[in-house]
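First up is the structure itself, then whatever we jot down about it.
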Amino acid sequence: MHDNTYLPDHFLRHIAAIMPAHLSMDEFVASCRRPLRRSIRVNTLKISVAAFVARMQPLGWQLDPVPWCDTGFWLSREDESVPLGNTAEHLSGLFYIQEASSMLPVTALFACEQTRRDGMLLDAAAAPGSKTTQIAALMNNQGMLVANEYSSSRLKVLSANLQRCGVTNVGMTHFDAKVFGQWLPETFDAILLDAPCSGEGTVRKDEDALRNWSIESIDEIAAVQQGLLESAFHALKPGGVLVYSTCTLSLQENQAVCQSLQDKFGDAFSFDSLADLFPAAKQACTPEGYLHVWPQIFDSEGFFVARLRKHHSVPNTMFKPGKLGKFPFSPLPAKESAPMLREIEAAFGVVPQGNLFGRSEEIWLFPQLFEQVQGKLRFDRIGLKLAETFKKGYRLTHEWALAYGDGASKGFVELDIADAREFMMGRDVWPEQEAAGTGEVIVRYQGHTLGMGKWVGSRVKNALPRELVRDNNLFV
Ligand code: SAM
């Protein structure tokens, strides 16, 4: 019980006025004070759900399925001495720690045939990346996903999460998401706008979430949300699908934002009913067909999800192409890329997918659809940095290993648990059970990649990026 959860009276009066008749305020308050159940989502870019369950159950992990996400589970562990984020499975990207209700928007986005898995998608407010990684997994790293985030510090976290999870089809941008309707009209097959909001649904994880709560601040955020939704709508192709979501409860930031779009564009789009999204969805469904998830319904955080499909174009008074600097990359000539790809395949038995581009000493693998947005938007990172070149050759990157290492059929070394812990603490290891090799080597633990190393005699020299080195309380 979180007795210190801050639930001011003026907030409770505001909520009581909008609580549906079949739900009780007492249960609302009780659930706000109850700690959240832990939940995770299996990253199917790296492991199947069945293999993950088979791996974790013997370690005392109890995994109870989240009914609206077939890769999501509530988790209880017999031994909680190692933080979840320090487990080997987290470090090698096998799962993402994600609140169960926050899995809903992406489920809604993909539960319709219009969302093409190999299409051009946009995640307009993406950091820290729980939904970006969920989308990328459902796209199976195909097509292209533009993941945008306005806050610089959160952009770094997003980048780290994409790398850890082996995501290769994302282009990351750093803008106020209002630019998409201006710069990229009718470009995206599907869009998620998981909007910045007042966070009323998050008190179970942050007891101070409502410290600065006021009607005025809600109205202010609602105006921002309306602008973002209108812009996202312009960026959506006719026939495309858009999900608008928040982790807040007030009508102003949810139903009213949807209504404002309807008032503007009338029959150019319609909202889908989400009542059948999963068996119990009706319990959270509004008359308009949105999901308004009160925390007491599914014992989760509060959430709001609406899905619309665009029927036809609308006049776009926003359109104004953005100013771009010089594009710093150029396609790698075939005489350089072909031998490199052949060498990688010969050494590791995997072929990197995508188009190779170079920028000074860096070689990148861009998503196949990148050319559709090339020259229209400035990106902070595109796809995956494959290698860094130096005078005598090149060095494959940590992020390449995290994305491709699990699929390698050779050129890897399997560590035992003691060596794996040493490796994640930044130290070199002497794997006893393996014959020494030469050159770069993918370092794995129980079949999943931890990073890159280099054979020096019988020692594997540690090439883990310094910022990923952990000092203690690692997996047991
Ligand atoms: N989708 C994320 C996830 O699932 O991990 C959570 C997104 S959070 C609800 C909203 C994000 O929008 C925050 O990271 C915030 O920094 C960002 N943001 C705020 N204003 C923005 C704007 N004008 N354009 C784009 N992003 C914005």
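All heavy atoms count here, side chains included; hydrogens, waters and symmetry mates do not. One-based numbering, in listed order, for ligands and for the atoms of each. Values in this document were obtained by computation on a predicted structure and should not be read as measured data.
Taking the six-membered ring where the residue is Trp, W213 and H14 present tilted rings, their angle falling between 30° and 60°. Between F327 and F329, the two ring planes are tilted [angle within 30° to 60°]. Between F175 and F180, the two ring planes are perpendicular [angle over 60°; tilted spans 30° to 60°]. Relative orientation of the W68 and F298 rings is tilted, given thresholds of 30° and 60° on the angle between their planes.
Taking only nitrogen or oxygen atoms, main chain and side chain alike, P196 does not reach within less than 3.5 Å of ligand 1. Between Y96 and ligand 1, a contact under 3.5 Å exists for no N or O pair. Backbone and side-chain nitrogen or oxygen atoms of S151 are examined, and none is located within less than 3.5 angstrom of a nitrogen or oxygen of ligand 1. Looking at ligand 1, you won't find any N or O of D123 less than 3.5 Å from one of its N or O atoms. Taking any N or O of N148, backbone or side chain, none lies under 3.5 Å from an N or O belonging to ligand 1. Of the N or O atoms in V224, none lie within a sub-3.5 Å distance of an N or O in ligand 1.
Interface atoms of ligand 1 facing E149, defined by a heavy-atom separation under 4.0 Å, are 11 (C), 12 (O), 13 (C), 14 (O), 15 (C), 16 (O), 17 (C). Residue A124 has at least one heavy-atom neighbour below 4.0 Å for each of these atoms of ligand 1: 25 (C). Against a heavy-atom cut-off of under 4.0 Å, S130 is close to the following atoms of ligand 1: 3 (C), 4 (O), 5 (O). Of all atoms in ligand 1, numbered sequentially from 1 with element shown, those under 4.0 Å from a heavy atom of F175 are 24 (N), 25 (C). Under a 4.0 Å criterion applied to the non-hydrogen atoms of A125, ligand 1 contributes the atoms 1 (N), 2 (C), 7 (C), 11 (C), 12 (O), 26 (N).
The closest approach between A195 and ligand 1 falls below 4.0 Å for a heavy atom of the residue. A heavy-atom separation below 4.0 Å is not found between G199 and ligand 1. Under a 4.0 Å heavy-atom criterion, S102 is not in contact with ligand 1.
With a 4.0 Å cut-off on non-hydrogen atoms, K131 touches ligand 1 through its backbone as well as its side chain. Using a 4.0 Å cut-off between heavy atoms, A126 contacts ligand 1 through its backbone alone, with no side-chain atom that close.
Counting protein heavy atoms only, atom 24 (N) of ligand 1 is closest to A177 N, 2.8 Å. In terms of protein heavy-atom proximity, atom 23 (N) of ligand 1 is nearest to D176 OD1, 3.0 Å. When hydrogens are left out, the protein atom nearest atom 14 (O) of ligand 1 is R154 NE, 2.6 Å; that is the closest non-hydrogen contact. Counting protein heavy atoms only, atom 27 (C) of ligand 1 is closest to Y150 CB, 3.5 Å.
Cation-pi geometry between K237 and F188 is not satisfied (NZ or CZ under 6.0 Å from the ring centre, within 45° of the ring normal).
Between the side chain of N140 and the backbone N or O of Q142 there is no donor-acceptor pair closer than 3.5 Å.
A 4.5 Å side-chain heavy-atom check between P128 and L158 finds every atom pair outside the cut-off. Taking 4.5 Å as the limit, every side-chain heavy atom of Y290 sits out of range of all side-chain heavy atoms of L274.
Within 6.0 Å of the CD atom in E371, the count of heavy atoms belonging to other residues, nucleotides or ligands does not exceed 12.
Nearest-residue assignment for atom 10 (C) of ligand 1 (options T132, L192, D194; heavy-atom criterion): D194. For atom 7 (C) of ligand 1, the candidate residues are S153, G227, A127; the nearest heavy-atom contact is made by A127.
For the residue pair S24 and D26, no side-chain donor N or O sits within less than 3.5 Å of a side-chain acceptor on the partner. Side chains of E288 and T286: a donor on one and an acceptor on the other come within 3.5 Å.
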Under the criterion side-chain hydrogen bond (donor to acceptor under 3.5 Å, both in side chains), I'd like the reasoning laid out for R77 against Q62: C-alpha separation, chi angles, the key distance, then a yes or no.
CA-CA 6 Å; R77 293 187 293 161; Q62 191 189 317; over 6 Å; no
Chi angles and distances behind the side-chain hydrogen bond (donor to acceptor under 3.5 Å, both in side chains) call for N161, Q163
CA-CA 5 Å; N161 279 326; Q163 292 181 36; over 6 Å; no
